[in-house]
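The sequence lines fix the lettering, A, B, ..., with proteins before strands; numbering per chain opens at 1.
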Amino acid sequence: MPEQVTVTLPDGKALTFPRGVTGGEIAAAIGPGLAKAALIITLDGKEWDLFRPIEQDAKIRIITRKDHESLELIRHDMAHVLAMAVQALYPGTQVTIGPAIEDGFYYDFARAEPFTPDDLPKIEEEMRKIIKAGLPTRREVWPRDKAIAHFKGIGESFKAELIASIPSDEDVSIYWHGTWHDLCRGPHFRTTAEIGDAFKLTKISGAYWRGDAKNAQLQRIYGTAWRDKKELDAYLTRMEEAEKRDHRKIGKEMDLFHIQEVATGQIFWHANGYTLYRALENYIRRQLVRADYIEVKTPLLLDRKLWEASGHWENYREHMFLAEVEDENRTLVVKPMNCPAHVQIFNEGLKSYRELPIRMAEFGSCHRYEPSGSLHGIMRVRGFVQDDAHIFCTHEQITPETTSFCKLLQACYKDLGFEEVRVKLATRPENRIGSDAVWDQAEKALAEATTAAGLEYLINPGEGAFYGPKLEFVLRDSIGRDWQCGTLQVDFNTAERLGAGYIAADGARHAPVMLHRAIVGSLERFIGVLIEHHAGKFPLWLAPVQVAVATVVADADAYAQEVVAALKANGLRVILDTENQTVNYKVRQHSLAKTPNLMVLGRREAENRTITLRKLGGEGQESLALEAAISMLSAEAVPPDLR
RNA sequence: GCCGUAGUAGCGUAGUGGUAGCGCAAUCCCUUGGUAAGGGAUAGGUCGUGAGUUCGAUUCUCACCUACGGCACCA
């Protein structure tokens with residue numbers, strides 16, 4: 001064994017130290033500032049505690065707070081501090097796991113008595129004490145059996161189970177912070193003081209052990225943690241902003257929709273909301289016409305037999321709404337999806353390969369009995385409308401059809417105000433139908449088609465539908481949140497199961513391939529996304545009310561009515577406000593209502609046949625001839641695809 | 001479905017073992033005001049539903065419903 005090790009820094013500089021030197025010592029050798037700032041090092045790319053000895057030559061990098069990796073490290077250390085605090089305050093609580101996550105961390109505990117929101121400040125306070133105490137960290141490697149016996153012995157059965165599942169060739173490392181210790185892969189900082197105190201505990205939740213609803217339910221405590229107070233405050237402000245644009249809040253403020261107990265998980269669209277809904281629906285419809293789709297409408301109630309044949313009855317019976325009548329001895333299913341119905345239309349008449357592909361679209365009203373806990377505003381509902389379509393095609397057509405759909409979807413998202421779209425390829429799930437050879441083929445076809453459309457994709461393993469793999473299209477909204485909306489799924493099974501066939505060039509009968517696809521997914525959910533994306537300040541073509549005409553004095557009422565009539569005659573959506581109120585008041589009201597254009601009319605305007613226009617969010621106003629204003633706003637209100 | 005929290009006037013909220021206030025909105029009156037709340041008056045609530053404890057429950061207890069924050073689920 002050599003007595004020295006040589007470490008190479010990122011700039012290529014090599015330093016030699018006695019064997020067993022630590023990252024902390026190396027940082028100190030380089031400079032006192034770095035010694036203080038260092039958090040951990042990477043050793044040949046592997047994260048390594050500062051206090052852990054280095055036994056061989058390696059390339060190292062010293063990570064400080066400034067490096068982006070530090071956030072995850074802080075959050076992981078913070079999870080440990082949370083666990084320490086909870087075990088100090090609530091003896092007998094078992095620890096399980098506590099990872100760093102986006103924006104923060106959590107820790108799952110096993111404890112008979114539930115935590116309540118009142119506990120959070122107490123736990124936070126205890127955490128601050130632990131951080132302030134600057135407890136030193138120590139790492140030990142234990143034999144597996146010793147570790148299992150130890151944790152069992154102190155009543156930590158979940159930890160013992162975790163250790164038992166660690167591969168036998170991996171070290172079981174134990175980290176100590178003062179006298180508290182935990183099984184952990186590491187790395188950790190030298191002392192708890194280095195973590196900093198830019199954190200806040202945010203919420204409590206139930207969570208299943210190992211993410212499985214069949215297992216025991218643990219109690220999860222979430223927190224957010226940052227490098228400094230400034231970052232923390234920025235995060236908290238960001239959360240407040242997100243709350244302000246919550247679609248449920250804006251839906252109420254702008255009188256778009258409501259949901260009530262008599263129709264749990266379903267939406268009452270008010271006139272304003274339905275205006276937005278129709279604007280979106282009509283937009284999609286125009287794109288479908290352009291892309292050579294046919295549009296159909298199918299029944300809401302379909303005999304159970306059809307769902308048995310399609311395979312859905314077996315897989316999703318408990319999520320279906322059923323309808324029965326006394327006189328008829330049969331069960332009807334309120335359709336949870338449209339595919340079997342579309343196959344019925346396909347099956348009418350004999351189809352030739354010359355007719356394929358047939359692109360059959362429907363704004364399909366679907367109902368699914370979603371678990372009560374999953375309902376969320378208009379984003380996750382039990383009654384919704386899909387912009388659904390099924391492309392009946394040959395195997396050879398899968399790739400070109402998928403490619404052109406990818407392009408269509410990208411164009412639509414752009415029109416709808418979303419620039420960033422990412423794609424995931426969800427592959428075969430455990431519970432599936434069809435042979436592996438068929439799955440291989442389907443997954444390959446999707447991958448190729450996506451690439452051909454100029455899109456990159458990530459693999460989402462095991463997340464496909466039971467009948468085929470799917471592409472999931474994820475858009476990013478104006479505050480950086482991701483939403484999965486569009487989808488394309490390859491299906492080699494359903495058509496065959498439902499007896500669909502076409503006569504191929506060779507004169508034989510073949511089952512068509514079905515591509516299930518949707519651009520926005522559900523109109524309800526997509527409108528929710530649109531609301532939050534725009535914070536209710538919609539582009540003019542989507543805005544439920546496009547212009548508010550408000551009078552300054554009663555003398556202008558007649559002229560205002562004339563202006564409203566002229567705007568309406570040009571297809572603009574207008575409201576008239578002749579209320580006995582001040583201009584200030586009216587400006588405030590219509591601004592808060594997020595009406596994009598406010599025309600203020602007084603004697604001056606009536607005399608000159610002009611209007612004074614104030615744009616939402618703008619500071620000043622401009623005076624325009626009535627005709628000029630109308631043609632300007634009419635042009636602006638044209639949907640993006642018709643410009 | 002599971003864990004936790006909550007439900008008071010159209011909306012937002014205060015509060016209490018002796019059946020409820022406030023702000024905005026609404027209605028009426030005064031004011032006709034030129035770009036983010038002019039003034040006054042009036043009306044509006046079986047305090048989510050059902051049961052229990054109590055002389056008495058909106059308040060305490062239980063059950064249910066619904067929503068919210070997560071978990072799980074999402075054809």
Side-chain angles (χ1 to χ4, degrees), chain A residues 106 108 111 114-119 202-222 246 248-249 252-253 255 258-265 307 310-320 335-340 366 368-377 379-382 384 386 388 429 431-433 463-468 470 484 487 489 491 494 516 521-522 525 550-557 578 580-592 598-605 612-614 616-621 623:
Chain A
Y106 69 77
D108 285 348
R111 177 179 178 236
F115 292 112
T116 73
D118 294 340
D119 295 327
T202 50
K203 54 202 169 195
I204 300 170
S205 156
Y208 297 105
W209 169 237
R210 299 199 150 171
D212 190 334
K214 290 195 279 290
N215 291 342
Q217 191 158 37
L218 308 169
Q219 296 186 63
R220 177 171 298 178
I221 297 178
Y222 283 94
D246 187 305
R248 293 163 297 193
K249 187 164 178 283
K252 202 167 269 176
E253 287 166 359
D255 195 18
H258 86 272
I259 296 174
Q260 69 183 64
E261 291 188 25
V262 295
T264 307
W307 304 100
S310 71
H312 291 99
W313 181 265
E314 194 187 336
N315 283 286
Y316 293 103
R317 180 181 38 205
E318 66 278 25
H319 297 293
M320 290 175 174
K335 72 174 173 186
M337 58 188 328
N338 308 297
C339 357
C366 296
R368 297 178 185 174
Y369 183 66
E370 301 287 8
S372 56
S374 69
L375 301 179
H376 178 88
M379 300 284 206
R380 184 85 184 270
V381 287
R382 288 179 176 162
F384 56 97
Q386 292 177 324
D388 202 3
N431 180 20
R432 61 176 183 265
I433 54 178
E463 294 294 317
F466 73 89
Y467 50 68
K470 58 183 177 186
Q484 197 240 301
T487 184
Q489 306 170 7
D491 180 359
T494 304
H516 308 243
S522 112
R525 177 176 152 87
T551 51
V552 181
V553 290
D555 288 355
D557 285 3
T578 54
N580 176 7
Q581 265 298 356
T582 60
V583 172
N584 277 337
Y585 182 87
K586 292 186 180 186
V587 167
R588 180 177 158 81
Q589 291 305 308
H590 297 294
S591 299
L592 290 177
L598 175 62
M599 287 185 183
V600 176
L601 306 182
R603 288 199 192 91
R604 287 206 298 266
E605 288 79 5
T612 299
L613 183 66
R614 183 191 170 100
L616 179 62
E619 285 294 310
Q621 53 270 339
S623 181

I'd like the [atom1] distance from [M] over to [N], given in whole Å.
{"N": "B:G17", "M": "B:G56", "atom1": "C1'", "result": "8 Å"}
{"N": "B:U8", "M": "B:G48", "atom1": "P", "result": "6 Å"}
{"N": "B:G45", "M": "B:U16", "atom1": "C1'", "result": "16 Å"}
{"N": "B:G7", "M": "B:U13", "atom1": "P", "result": "10 Å"}
{"N": "B:C24", "M": "B:A20", "atom1": "P", "result": "23 Å"}
{"N": "B:C3", "M": "B:C64", "atom1": "P", "result": "11 Å"}
{"N": "B:A51", "M": "B:U59", "atom1": "P", "result": "13 Å"}
{"N": "B:G23", "M": "B:G44", "atom1": "C1'", "result": "15 Å"}

Candidates [options] - which lies nearest the side chain of [X]:
{"X": "A:R603", "options": "B:A75, B:U5, B:G33", "result": "B:G33"}
{"X": "A:T264", "options": "B:A37, B:U66, B:U32", "result": "B:U66"}
{"X": "A:T116", "options": "B:U5, B:A75, B:U35", "result": "B:U5"}
{"X": "A:E261", "options": "B:A37, B:G33, B:G7", "result": "B:G7"}
{"X": "A:V552", "options": "B:G69, B:A75, B:G33", "result": "B:G33"}

Sugar-phosphate only, base, or nothing, as touched by [X] at under 4.0 Å among non-hydrogen atoms:
{"X": "A:E605", "answer": "base"}
{"X": "A:P114", "answer": "sugar-phosphate"}
{"X": "A:R368", "answer": "base"}
{"X": "A:G377", "answer": "sugar-phosphate"}
{"X": "A:K252", "answer": "sugar-phosphate"}
{"X": "A:Q219", "answer": "nothing"}
{"X": "A:N584", "answer": "sugar-phosphate"}
{"X": "A:K214", "answer": "nothing"}
{"X": "A:G211", "answer": "sugar-phosphate"}
{"X": "A:A465", "answer": "sugar-phosphate"}

To the nearest Å, give me how far apart [atom1] ([X]) and [atom2] ([N]) are.
{"X": "A:R220", "N": "B:U5", "atom1": "CZ", "atom2": "P", "result": "18 Å"}
{"X": "A:Y585", "N": "B:U32", "atom1": "OH", "atom2": "P", "result": "19 Å"}
{"X": "A:E463", "N": "B:C73", "atom1": "CD", "atom2": "C1'", "result": "11 Å"}
{"X": "A:Q260", "N": "B:G10", "atom1": "CD", "atom2": "C1'", "result": "14 Å"}
{"X": "A:L592", "N": "B:U35", "atom1": "CG", "atom2": "C1'", "result": "14 Å"}
{"X": "A:L613", "N": "B:G34", "atom1": "CG", "atom2": "P", "result": "20 Å"}
{"X": "A:L598", "N": "B:A37", "atom1": "CG", "atom2": "C1'", "result": "15 Å"}
{"X": "A:L375", "N": "B:A72", "atom1": "CG", "atom2": "P", "result": "17 Å"}

Taking OP1 and OP2 of [N], is either one under 4.0 Å from a side-chain nitrogen or oxygen of [X]?
{"X": "A:T582", "N": "B:G38", "answer": "yes"}
{"X": "A:Q581", "N": "B:G38", "answer": "yes"}
{"X": "A:S372", "N": "B:G1", "answer": "yes"}
{"X": "A:K203", "N": "B:G70", "answer": "yes"}
{"X": "A:H376", "N": "B:A67", "answer": "no"}

- Base partner of B:A51, which must satisfy Watson-Crick or wobble distances under 3.5 Å: B:U61
- Paired to B:C11 by Watson-Crick or G-U wobble criteria (both distances under 3.5 Å) is B:G23
- Task: Verify the neighbour count for atom CD of A:E253: are there more than 12 heavy atoms of other residues, nucleotides or ligands below 6.0 Å?
- Result: yes
- Message: Are more than 12 heavy atoms, taken from residues, nucleotides or ligands other than A:E318, located less than 6.0 Å from that residue's CD atom?
- Response: yes
- Go through the N and O atoms of the side chain of A:R380 and the base of B:C74, and report whether any donor-acceptor pair is under 3.5 Å. yes
- Polar side-chain contact A:Y208-B:G70 base: donor and acceptor under 3.5 Å: no
- Item | Whether A:H312 and A:Y467 hold their rings parallel, tilted or perpendicular, with breakpoints at 30° and 60° | perpendicular
- Does the distance from a Lys or Arg side-chain N to an Asp or Glu carboxylate O, for A:D246 and A:R248, drop under 4.0 Å? yes
